[in-house]
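Just below is one structure, and these are the notes that go with it.
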Amino acid sequence: MVVTSKFLRRSAVSWSLVGLFTLGWHPAAYAGDPMSADQARAAFAQGNYLAAANAFEAIYASGKEPKYRYNAGVARKRAGQLPEAIFHFSAYLALGGRISKADATDAEQRIGESIPGTTSVAVTVAPAEALAQATISIQAAGGTRLEAPLKAFLDQQGVQPGAYLLYLDARQWHVEVSAPGYQPAVASLAVGADGSARMISLSLKPEATPIAVGVGPQAAIDAGVTLTFTDGQGQVTEQTGAQAQQTQQLPPGNYTVRVAAPGFRTVERPLIVGRQPHNLNISLVPDPNAVAAGPAPAPEPAPPAEAVPSLAESEGHKNRAHRAMAIAYGITGAGLAGATVGLAVVGHNQFVNTTNQNDAAIAGAGITNPAELDVLSDPQATSQFDAVEAAYPKSALASDMGRALSLQYAAAGTAGASVGMLITSITAAKAKRPVAWKAELGIGAVLTAAGAVWFGVQNQMYQNKLAAAGPEAVRYDAFRLQPAVTQQYRASGLASAIILGVGSSLTVDSGIGLIVDRKKSGQRAQVSPVVGPSQAGVSISGRF
């Protein structure tokens, strides 16, 4: 008996050689399958296409040999189940290098023959990071569940960017997408007979990760522990119980864990939940401010009226406060002096390095006198200027020089502040009346204002000088003179920064001294209304 078939991709063969059918089928049987490969081919030859398709699908699932996926598609197509056939052929094409070009062309042709009897369904899937290893399955009501890699159904025709394309017919369908580490996303849809395009969206949610929280001590457990997880969107998951170990399933993300128990201090900790289970141990400590259960305590007697300390008490408080201020100001001033040395050294080195680098760039370009370089009349000057710019760009020169000045001005300011600290330290140790603080406060305010104005004026003059010698100047090299310009104005800037530092330190420190004196002496200001024939207002009285 001879059986011929144009569906199994090879020329007609005898029944005894049926194992050579389509894509080199082999006669070996698969233990445990409902049918062996030989039996599946025999069922196909006898026209029992559904039985053959089921057998080929089971054989493919056990060994993942491409030819059985193709054979299942052929059988489904002959059985009139076009969506299942297209599904198999699409998955077959996705095998890429594992199939020949001729076999791929044949599968594409069979897909084209089957599409007219189906309806296109665009499936969008999120999130993007889950798609690389995702799989998709389809199952008609009462039919077989078919599964394949999701990438096999990526829409290449641009129906919708990022969509995957299925072809289904007028049946009830179950579509499922799954990926490692995510919960499967499922959609059910009934495809009508009108043939119009449809669309479904599936969103994969991360699988929950078990988080085990151990709580102690036993007294907190007996009191009843409340465990709260709050995610980044403010969603709260709460669990209350009396167990030493509590487990909560949480999707990956950032959380705040809060553990509370009556009579104990509440503990909050950040928690990053990933894919792996995590153990967290939290030990609560008793809260000394917690109110123990029992009868309400008797009300405390009202405190006596505030007493104004005596003059002797006030002087004692002030002396102790002055000694503390003298020590604090002295230590802080010494620290500022150390910082001054460090900033001055770093700033000086930065200034020297910047100047040397600029000089090296000018010398390297063959320029002996930068002030005479004129690109308007000398073409060679243009190339020399370009060489300097390439070796040390103007923007880098300005940035480096600005950094050097900032460090030196900061050193001058801290030096002035250190001097101001020394003066106020002596005042705190020696002065007996607040008039000394007031005098220093006035002097500090004047020096602060003078230093700020001086610093601002000289800095503006420096910027104007640079602007006049900047890139818009006729001699383009003039900006290269910035180190010389900086040297011209640096001394003025350092002096103004020192004065500003001294004034600021005197103002702040003497102001603190006045406040401390007022608090320690127990002085109180009284405010009372004043009404008379020619005046009305308020009167403020007290010792100042």
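Note: hydrogens, waters and symmetry copies are ignored here, and every other heavy atom, side chains too, is used.
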Derivation of the side-chain contact (heavy atoms from CB on, under 4.5 Å) call for Ile211 and Leu271: CA-CA 10 Å; Ile211 305 298; Leu271 174 65; 4.0 Å; yes
Check step by step if side-chain contact (heavy atoms from CB on, under 4.5 Å) holds for Lys205 and Tyr182. CA-CA 5 Å; Lys205 296 182 179 179; Tyr182 292 85; 5.9 Å; no
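- Summarising the geometry, atom CG belonging to Asn356 is positioned 10.5 Å from atom CG belonging to Asn349; distances are rounded to the nearest 0.5 Å.
- In this pair, Tyr255 and Phe229 present their aromatic rings perpendicular. The plane angle is above 60°, beyond the 30 to 60° band.
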Yes or no on salt bridge (charged side-chain N to carboxylate O under 4.0 Å, His left out) for Arg145 and Glu147, after CA distance, side-chain angles and deciding distance? CA-CA 7 Å; Arg145 182 178 182 272; Glu147 182 177 284; 3.2 Å; yes
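- For Ala104 against Ile99, the heavy-atom pair with the smallest separation is CB-CD1, 4.0 Å.
- Minimum heavy-atom separation, Pro252 to Thr209: CG-OG1, 4.3 Å.
- Looking at every heavy atom in both residues, Ala130 comes nearest to Ala179 through O-CB, 3.5 Å.
- One finds no salt bridge joining Arg78 and Glu84 here, because no Lys/Arg side-chain nitrogen approaches an Asp/Glu carboxylate oxygen to under 4.0 Å.
- Looking at Ile138 and Trp173, their side chains come closer than 4.5 Å, going by heavy atoms from C-beta outward.
- Looking at Gln39, its side chain does come within 3.5 Å of a backbone N or O of Ser36 through a donor-acceptor pair.
- Counting heavy atoms from C-beta on, the side chains of Leu189 and Val175 come closer than 4.5 Å.
- Contact annotation: the side chain of Leu284 approaches that of Val267 to within less than 4.5 Å [non-hydrogen atoms, C-beta and beyond].
- With rounding to the nearest 0.5 Å, the separation of OG in Ser90 from CG in Leu154 is 11.5 Å.
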Thr228 vs Val257, side-chain contact (heavy atoms from CB on, under 4.5 Å): CA-CA, chis, key distance, verdict: CA-CA 6 Å; Thr228 305; Val257 183; over 6 Å; no
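- Counting only heavy atoms from C-beta outward, the side chains of Gln172 and Ser188 approach each other to under 4.5 Å.
- Under a 4.0 Å N-O distance rule, the pair Arg69/Glu57 does not qualify as a salt bridge.
- Annotation: the span from Ile86 atom CD1 to Glu113 atom CD amounts to 10.5 Å, rounded to 0.5 Å.
- The minimum heavy-atom distance linking Gly143 with Gln139 is given by the pair O-NE2, 3.0 Å.
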Quick one, Tyr70 with Arg110, criterion side-chain hydrogen bond (donor to acceptor under 3.5 Å, both in side chains). Give me CA distance, side-chain angles, the key distance, then yes/no. CA-CA 10 Å; Tyr70 174 91; Arg110 293 180 183 276; 3.0 Å; yes
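- When every heavy atom of Val215 is checked against every heavy atom of Ile221, the shortest pair comes out as O-CD1, 3.3 Å.
- A donor-acceptor contact under 3.5 angstrom links the side chains of Asn54 and Thr144, judged on distance only.
- To the nearest 0.5 Å, atoms OH (Tyr68) and OG (Ser62) are separated by 8.5 Å.
- Nearest heavy-atom pair across Phe264 and Pro286 is CD2-N, 3.5 Å.
- With no hydrogens or angles considered, a side-chain donor-acceptor pair links Thr340 and Thr414 at under 3.5 Å.
- Asn353 and Gln357 are not linked by any side-chain donor-acceptor pair at a separation below 3.5 angstrom, with hydrogens and angles left out of the test.
- Checked against the 6.0 Å centroid threshold, Tyr167 and Phe87 do not count as a close aromatic pair.
- Using a 4.5 Å heavy-atom cutoff, the side chains of Ile136 and Tyr164 are not in contact.
- Rounded to the nearest 0.5 Å, atoms CG (Leu204) and CG (Leu150) are 8.5 Å apart.
- With a 6.0 Å radius and a threshold of 12 heavy atoms from other residues, nucleotides or ligands, Gln133 has its CD atom at or below the threshold.
- Judged purely by distance below 3.5 Å, without hydrogens or angles, the side chains of Asn358 and Thr355 never pair a donor atom with an acceptor atom.
- Contact annotation: the side chain of Glu108 never approaches that of Ile111 to less than 4.5 Å [non-hydrogen atoms, C-beta and beyond].
- Contact of the Val186 side chain with the His174 side chain is registered, since non-hydrogen atoms from C-beta on lie closer than 4.5 Å.
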Before giving the answer on side-chain contact (heavy atoms from CB on, under 4.5 Å), spell out for Ile282 and Arg269 the whole-Å C-alpha distance, their side-chain angles and the decisive distance to 0.1 Å. CA-CA 9 Å; Ile282 297 178; Arg269 291 185 184 176; 3.8 Å; yes
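- No side-chain heavy atom of Val259 sits less than 4.5 Å from a side-chain heavy atom of Thr226.
- Annotation: the span from Thr119 atom OG1 to Asp169 atom CG amounts to 8.0 Å, rounded to 0.5 Å.
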